[in-house]
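To start, the structure under review is shown below, and the notes come after it.
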Amino acid sequence: MGWIGIADLGGGRFDPEGLGKQAGKTRNTLDPDALMPQGTLMLETRLSCCATPQTLLAFRGNPPLAGSFSLQMLPGGGIILIETHGDDLRHTTLPHDPDGRTDVLRLTYCWDVPGGWASLTLERPGTDLVQSVALAPPRPFPVRDIQSMIMDPRRREMHAEVDFIAVSRKTEPVGPMPGLSGSVPVATPKGNIFADRLRRGSIVQTADGAQVPVLQTVRRTVPARGSFRPVLIRAPYFNLRQDIVLAPQQRLVIGGSEVEYMFGKEAVLVPARHLVNGISTRFADGPDLITYHHIVLPGHEVILAAGCPVESLYLGRLRRKPEQLALSILAGADRSLLPEHPKPVWPVLKPFEAVTLAMHRAA
């Protein structure tokens with residue numbers, strides 16, 4: 001298990017064996033005095049308009065190294081990473097245009113000392129925006145510094161708009177995100193099969209009855225916080241035969257007369273998070289981590305999850321972007337065998353449109 005620490009303004013949890021360890025099962029434990037040669041520091045925050053730089057996260061390490069690390073947001077756009085190790089000072093700027101919006105922003109800092117690379121990536125969850133900048137060859141983080149950052153609020157500075165920070169001992173992917181919990185049944189010609197049991201070469205059945213081969217299956221374990229917090233969709237709403245759990249950004253296919261009247265389309269795609277109303281949908285509570293699964297099909301298709309139409313994993317033109325592909329959940333896949341999805345199968349509603357539709361359907 002990669003994730004070892006998670007924290008917010010209310011407190012934190014750190015486990016050198018991994019946050020998702022199973023009871024009675026021993027995992028590879030990190031030595032508090034060791035160095036982490038590779039890993040990921042993730043932070044989610046909400047953009048806010050401010051005339052001065054904002055320190056999103058800053059912490060100073062323990063002696064004898066006593067290094068420091070900080071992430072700052074500039075008022076005109078841009079993220080600055082500053083890292084010190086003794087007399088060695090490094091800083092990198094990741095350009096970003098906030099557009100005056102107050103969207104959620106995810107920052108992911110990955111370092112791999114043996115591989116000689118590090119990267120800082122900015123994402124706006126729920127969109128296709130992925131911006132990355134390569135950094136100078138990194139230095140390892142002391143495990144004790146990571147533990148102090150997570151567990152001791154006196155050793156860190158964290159902005160009030162930061163939703164959570166999390167640390168993994170692995171380099172975590174960025175980009176396309178799977179959206180089905182493992183127990184979601186997916187329609188196939190042989191009946192429903194749980195999402196976590198589908199494999200490359202499996203055949204699934206689309207909403208229009210076509211039989212399509214699975215080109216790739218993906219899975220990712222993430223903190224069950226912020227833009228990853230699972231959404232419970234309740235039956236019999238949305239044609240469901242049973243309750244299912246989806247990632248917030250997983251898009252459902254919504255059709256009907258009101259959709260055609262409001263948007264002039266037979267159907268639209270709506271992220272699950274915009275449908276949360278406390279009745280048909282609500283955010284689910286659970287452990288610190290959750291694992292999401294999904295399938296890559298030749299085209300961007302509508303599949304049936306327990307009877308509910310949802311989208312397959314949308315890749316866009318990822319295969320044309322080798323640098324982004326190398327940082328993604330499909331790193332290592334043969335680019336020539338990956339499909340292109342020029343545009344989504346149905347129009348994707350903007351956040352205000354999705355909220356308006358949800359309110360109209362609830363009325």
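When reading the values below, keep in mind they use all heavy atoms of this one structure, side chains included, and skip hydrogens, waters and symmetry mates.
- Between Asp33 and Arg144 the shortest side-chain heavy-atom distance falls below 4.5 Å.
- When side chains are defined from C-beta on, Pro298 counts as touching Leu215, because their heavy atoms get closer than 4.5 Å.
- Proximity of His300 to Leu315: side-chain heavy atoms (C-beta onward) are nowhere separated by under 4.5 Å.
- When the shell of 6.0 Å around CZ of Arg219 is examined, it contains 12 or fewer heavy atoms from other residues, nucleotides or ligands.
- Closest non-hydrogen pair, Gly175 versus Val130, comes out as CA-CG2, 4.0 Å.
- No donor-acceptor distance shorter than 3.5 angstrom exists from the side chain of Trp346 to the backbone of Val302, with no hydrogens or angles considered.
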So Val104 and Asp163, side chain to side chain contact (heavy atoms under 4.5 Å, CB included) or not? Walk me through it.
-> CA-CA 9 Å; Val104 171; Asp163 192 5; over 6 Å; no

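- Counting heavy atoms from C-beta outward, Met262 and Thr356 have side chains that approach closer than 4.5 Å.
- With Arg335 contributing its side chain and Gly332 its backbone, the two residues share no donor-acceptor pair below 3.5 Å.
- There is a path of hydrophobic side-chain contacts, each under 4.5 Å, that joins Leu81 to Phe59.
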Run the side chain to side chain contact (heavy atoms under 4.5 Å, CB included) check on Leu338 and Leu318 step by step: do they pass?
-> CA-CA 9 Å; Leu338 289 177; Leu318 181 64; 5.6 Å; no

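- Separation of atoms CD (Glu172) and CD (Gln38) is listed at 10.0 Å; rounding is to 0.5 Å.
- Using modelled atom types, one side-chain atom of Gln249 and one backbone atom of Pro178 make a donor-acceptor pair closer than 3.5 Å.
- Judged purely by atom type and a 3.5 angstrom limit, Asp243 uses its side chain to pair as donor or acceptor with the backbone of Ala235.
- Residue Leu313 comes nearest to His341 through the heavy atom pair O-CE1, 3.4 Å, listed as atom of the first residue, atom of the second, then distance.
- Judged purely by atom type and a 3.5 angstrom limit, Arg139 has no side-chain atom pairing as donor or acceptor with the backbone of His85.
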Walk me through it: do Leu35 and Val143 pass the test side chain to side chain contact (heavy atoms under 4.5 Å, CB included)?
-> CA-CA 6 Å; Leu35 299 176; Val143 175; over 6 Å; no

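- With contacts defined as side-chain heavy-atom distances shorter than 4.5 Å, the pair Ser132/Leu120 does not qualify.
- Side-chain contact of Ser227 with Glu44: a donor-acceptor pair under 3.5 Å is present, judged by distance alone.
- Within the model, atoms CG of Leu297 and NE2 of His294 stand 8.5 Å from one another, a figure rounded to the nearest 0.5 Å.
- Hydrophobic clustering (ILVMFWY, side-chain heavy atoms < 4.5 Å, transitive): Leu43 and Val167 are in one cluster.
- In the hydrophobic cluster analysis, where Ile, Leu, Val, Met, Phe, Trp and Tyr join through side-chain heavy atoms closer than 4.5 angstrom, Tyr314 is grouped apart from Leu252.
- With sequence neighbours excluded, the residues forming a side chain to side chain contact (heavy atoms under 4.5 Å, CB included) with Thr281 are Val231, Ile233, Phe238, Leu275, Val276, Asn277, listed by chain and number.
- A distance-only check finds a donor-acceptor pair linking the side chain of Arg90 to the backbone of Pro137 [under 3.5 Å].
- Although no hydrogens or angles enter the test, the distance criterion places a donor-acceptor pair under 3.5 Å between the side chain of Arg155 and the main chain of Gly61.
- In this structure, the side chains of Gln205 and Thr188 stay at 4.5 Å or more apart for every pair of heavy atoms.
- Judged by distance alone, with hydrogens and angles left aside, the side-chain atoms of Tyr292 form a donor-acceptor pair with the main-chain N or O of Phe228 at under 3.5 Å.
- Surrounding CD of Glu340 are more than 12 heavy atoms belonging to other residues, nucleotides or ligands, all under 6.0 Å away.
- Closest approach of Pro140 and Pro37 over heavy atoms only: CB-CA, 4.0 Å.
- In terms of modelled atom types and a separation under 3.5 Å, the side chain of Arg106 and the main chain of Glu123 share no donor-acceptor contact.
- Heavy atoms of other residues, nucleotides or ligands lying less than 6.0 angstrom from CZ of Phe194 number 12 at most.
- To the nearest 0.5 Å, atom CD1 of residue Ile193 and atom CZ of residue Arg199 are 10.0 Å apart.
- Rounding to the nearest 0.5 Å places CD1 of Ile150 at 11.5 Å from CZ of Arg13.
- Note on Leu349: it does not cluster hydrophobically with Leu269, by side-chain heavy-atom contacts below 4.5 Å among ILVMFWY residues.
- Leu71 has its side chain within reach of Ile79: a pair of non-hydrogen atoms, C-beta onward, lies under 4.5 Å apart.
- The distance from the CZ atom of Arg156 to the CE atom of Met149 is 8.0 Å, given to the nearest 0.5 Å.
- Residues Leu198 and His293 fail the side-chain proximity criterion, which asks for heavy atoms closer than 4.5 Å.
- Val212 and Val310 fall within a single hydrophobic cluster, where Ile, Leu, Val, Met, Phe, Trp and Tyr are joined by side-chain heavy atoms under 4.5 Å apart, directly or via other members.
- Interatomic distance, Asn239 CG to Leu304 CG, rounded to the nearest 0.5 Å: 9.0 Å.
- Ring geometry, Phe141 versus Trp111: the interplanar angle exceeds 60°, so the pair is classed perpendicular (tilted spans 30 to 60°).
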Start with the C-alpha distance between Asp285 and Arg229, add both sets of side-chain angles, then the distance that settles salt bridge (Lys or Arg N to Asp or Glu O under 4.0 Å), and finish with yes or no.
-> CA-CA 8 Å; Asp285 297 321; Arg229 188 181 178 188; 3.1 Å; yes

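- The shortest heavy-atom contact between Met36 and Arg169 is CE-CA, 3.6 Å.
- With no hydrogens or angles considered, a side-chain donor-acceptor pair links Thr84 and Ser68 at under 3.5 Å.
- Thr40 places no side-chain N or O within 3.5 Å of a backbone atom of Ser168 that could act as its donor or acceptor partner.
- Shown here for Pro53 and Pro75, the closest heavy-atom pair between the two residues is N-CD, 3.8 Å.
- Scanning both residues, Ser336 and Arg319, for their nearest heavy atoms gives O-NH1, 3.7 Å.
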Checking side chain to side chain contact (heavy atoms under 4.5 Å, CB included) for the pair Leu105/Leu122: CA distance, chi angles, key distance, verdict?
-> CA-CA 7 Å; Leu105 197 73; Leu122 178 151; 3.6 Å; yes

